[in-house]
*Asks:* 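The structure under discussion is supplied below as structure tokens; questions concerning it will follow.
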Amino acid sequence: MFERILVVGSGAREHALCWALAREPGVTEVLSVPGNAGTALVARNVCADGADVGQLRALVERERVDLTVVGPELPLTQGLANELVAAGHPVVGPSKEAAELESSKAFAKGLMTRHGVPTARYVVCTSPAAARDAIRSGAFGYPVVLKADGLAAGKGVVVARDEAGALAAAEDIMETRRFGDAGSRLVVEECLVGREASFFAVTDGRHVVVLPSAEDHKRAFDDDQGPNTGGMGAFSPSPLIDGRMRQRVLDEIVEPTLWGMESEGRRYAGFLYVGLMLTAEGPKVVEFNARMGDPESQVVLPAVEGGLLATLVAAARGTLAPGVLPASSDRFVGVVMASGGYPDRYETGKTIGGLEHASALTGVLVFHAGTAMRDGRVMTSGGRVLTVVGKGSDFAAARARAYDGAAAISFDGMFYRRDIGLRAVDSRQ
Ligand code: AMP
Ligand code: GLY
């Protein structure tokens, strides 16, 4: 029996995972490491160092955890799944070797090339001189995309308009080392033109169960202005991914990727996030992530109408039967409420008002990210503070619910985008 589930992480994605798993029949307790003020409503928060894989294994053993679900990429790249699998504990999340699909863009690009997975044309540069040569060759036209090889919290990608901008960005990444060692290698690639959507699956390495799709909004301000962030909102499903497109993505991208990973000795199990560009030539991979998206999880998981735990267990055991998780016919829109100044400097420790009122509204869910409980009050403790999710029979209704929820909440300096999900309304799906 899978009764005791551990969710690793402390964002709104992890609150959504805790919320979804706590509702599964047979689950008696969800543990959240380290969690936040929201996960405490549906799970038991346990204080542990999420980056210390040995400490997490000890926790799994002490608490007799039946299944561990890993939210963020960092513990995966540090070998948390390796550690748990070696000790015989079921885990949802790839080994650190398989997680290189996210943690090394050079590896991911090479894998795609070796196994015929459609993606942007590219070159990997291992020195600043090689990067300058690649840029000056003009082989990719303009704009051109530059990516730090390693993890850079979603900020290691620059779209440069001209040669001067590209050279400056390459210097910033490879010589100034703006993202540290992540910039020891640089991927230079062609800029893809099309519309972006996120495709999610759970896999045991061979078989795949598809989750609802989503689209996110990465820029800080309305109309895609301002700096890139971890994500300021999302909606599900993506009107761009119909049944035919889903099958194309499975056949042309997911299957060859999983086959490639296994044939190279890196069998990939866990959540797989495929960032897609839907181009005139078909779907192409912008990036892979070795985990669910944030804020996409907050709109995808409420859309799942059953079978989540059984799917995760089968993925961890290597016994997954291929399929598609049953999904609601409703639409979901999630608005991220952030601290003033995010994604740069911001203040924390602000009291959050209106949470109970917002959560009590029909068709509204509130997932916490940077929140903490102090003296009986919920306070802000991070840049992205909450995701307020609205559900409706169409995107306009879902947006209205989400923004009703957001309007009920207040904290000093808060801001949120007003146009989340608008592009889905405009596409009339
Ligand atoms: P990544 O960190 O790889 O997800 O990249 C962040 C964002 O940069 C993506 O969501 C895209 O909007 C954009 N991007 C990355 N690669 C490309 C590309 N080859 N062409 C166009 N846009 C890209
Ligand atoms: N929303 C983008 C990500 O989770 O990487």
Side-chain angles (χ1 to χ4, degrees), residues 9 11-14 16-17 70-74 76 99 101-109 112 117-124 139-161 166 169 173 179 182-183 186-200 211 213-220 224 227-236 238 271-281 283-301 334-336 338 343 367 369 383-384 387 417 420 423:
R13 165 183 55 207
E14 288 76 23
L17 281 165
V70 187
E73 63 277 12
L74 203 59
L76 295 169
L101 210 47
E102 170 167 3
S103 65
S104 169
K105 292 188 192 290
F107 170 75
K109 297 295 288 191
M112 288 189 271
V117 177
T119 189
R121 285 188 301 116
Y122 73 102
V123 60
V124 178
F140 301 100
Y142 289 93
V144 68
V145 180
L146 308 179
K147 301 183 172 183
D149 175 50
L151 294 178
K155 290 170 194 151
V157 176
V158 177
V159 181
R161 243 171 302 168
I173 293 172
F179 308 108
L186 183 77
V187 176
V188 179
E189 68 179 35
E190 79 178 303
C191 188
L192 297 172
V193 178
R195 290 184 63 185
E196 279 188 78
S198 305
F199 182 97
F200 301 101
L211 274 64
S213 60
E215 293 182 36
D216 71 345
H217 299 259
K218 288 197 171 70
R219 299 297 194 102
D224 292 331
N228 260 317
T229 70
M232 292 299 293
F235 56 88
S236 177
S238 166
F271 287 110
L272 179 65
Y273 168 144
V274 188
L276 292 169
M277 187 73 82
L278 305 177
T279 74
E281 292 154 28
K284 296 191 180 184
V285 176
V286 171
E287 62 164 343
F288 286 117
N289 291 313
R291 50 172 176 79
M292 282 298 290
D294 185 342
E296 292 96 325
S297 298
Q298 295 90 295
V299 290
V300 165
L301 294 170
V335 176
V336 170
F367 294 118
R384 289 192 292 177
T387 306
R417 281 179 59 158
I420 303 300
R423 67 174 186 253

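Only heavy atoms go into these numbers, but all of them, side chains included; no hydrogens, no water, no symmetry mates. Order of listing sets the numbers, starting from 1, for every ligand and every atom in it. Note that the coordinates shown come from a computational prediction; the quantities given were computed from them, not determined experimentally.
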*Asks:* Got a second to check how far L151's CG is from E102's CD, nearest 0.5 Å?
*Replies:* 6.0 Å
*Asks:* Hey, which atoms in ligand 2 end up nearer than 4.0 Å to a heavy atom of D216?
*Replies:* 1 (N), 2 (C)
*Asks:* Tell me which part of E196 gets within contact of ligand 1: side chain, backbone, both or neither, using heavy atoms under 4.0 Å.
*Replies:* side chain
*Asks:* CE/M292 to OG/S198 distance, rounded to the nearest 0.5 angstrom?
*Replies:* 9.0 Å
*Asks:* Give the atom numbers and elements of ligand 2 that come within less than 4.0 Å of a heavy atom of N289.
*Replies:* 5 (O)
*Asks:* Does ligand 2 have an atom that lies less than 4.0 angstrom from a heavy atom of A234?
*Replies:* no
*Asks:* Any idea which of V286, V144, N289, V187 brings a heavy atom closest to atom 14 (N) of ligand 1?
*Replies:* V286
*Asks:* Report the part of V145 in contact with ligand 1, treating N, CA, C, O as backbone and CB onward as side chain, heavy atoms under 4.0 Å; options are side chain, backbone, both, neither.
*Replies:* side chain
*Asks:* Numbering the atoms of ligand 1 from 1, which are under 4.0 Å from a heavy atom of M277?
*Replies:* 21 (C), 22 (N)
*Asks:* Examine ligand 2 and decide if any of its atoms is less than 4.0 Å from a heavy atom belonging to G231.
*Replies:* no
*Asks:* Under 4.0 Å from ligand 1, counting heavy atoms only, is it the side chain of A120, its backbone, both or neither?
*Replies:* side chain
*Asks:* Should you measure from each heavy atom of G293, which atoms of ligand 2 turn up under 4.0 Å away?
*Replies:* 4 (O)
*Asks:* Out of R219, E189, K218, E287, whose heavy atom is nearest to atom 19 (N) of ligand 1?
*Replies:* E189
*Asks:* Looking only at protein heavy atoms, which one is nearest to atom 5 (O) of ligand 2, and how far off is it?
*Replies:* R291 NH2, 2.9 Å
*Asks:* Would you please determine whether G275 falls within less than 4.0 Å of ligand 1 on a heavy-atom basis?
*Replies:* no
*Asks:* Below 4.0 angstrom from a heavy atom of E296, which ligand 2 atoms are there? Numbered from 1 as shown, please.
*Replies:* 1 (N), 2 (C), 4 (O)
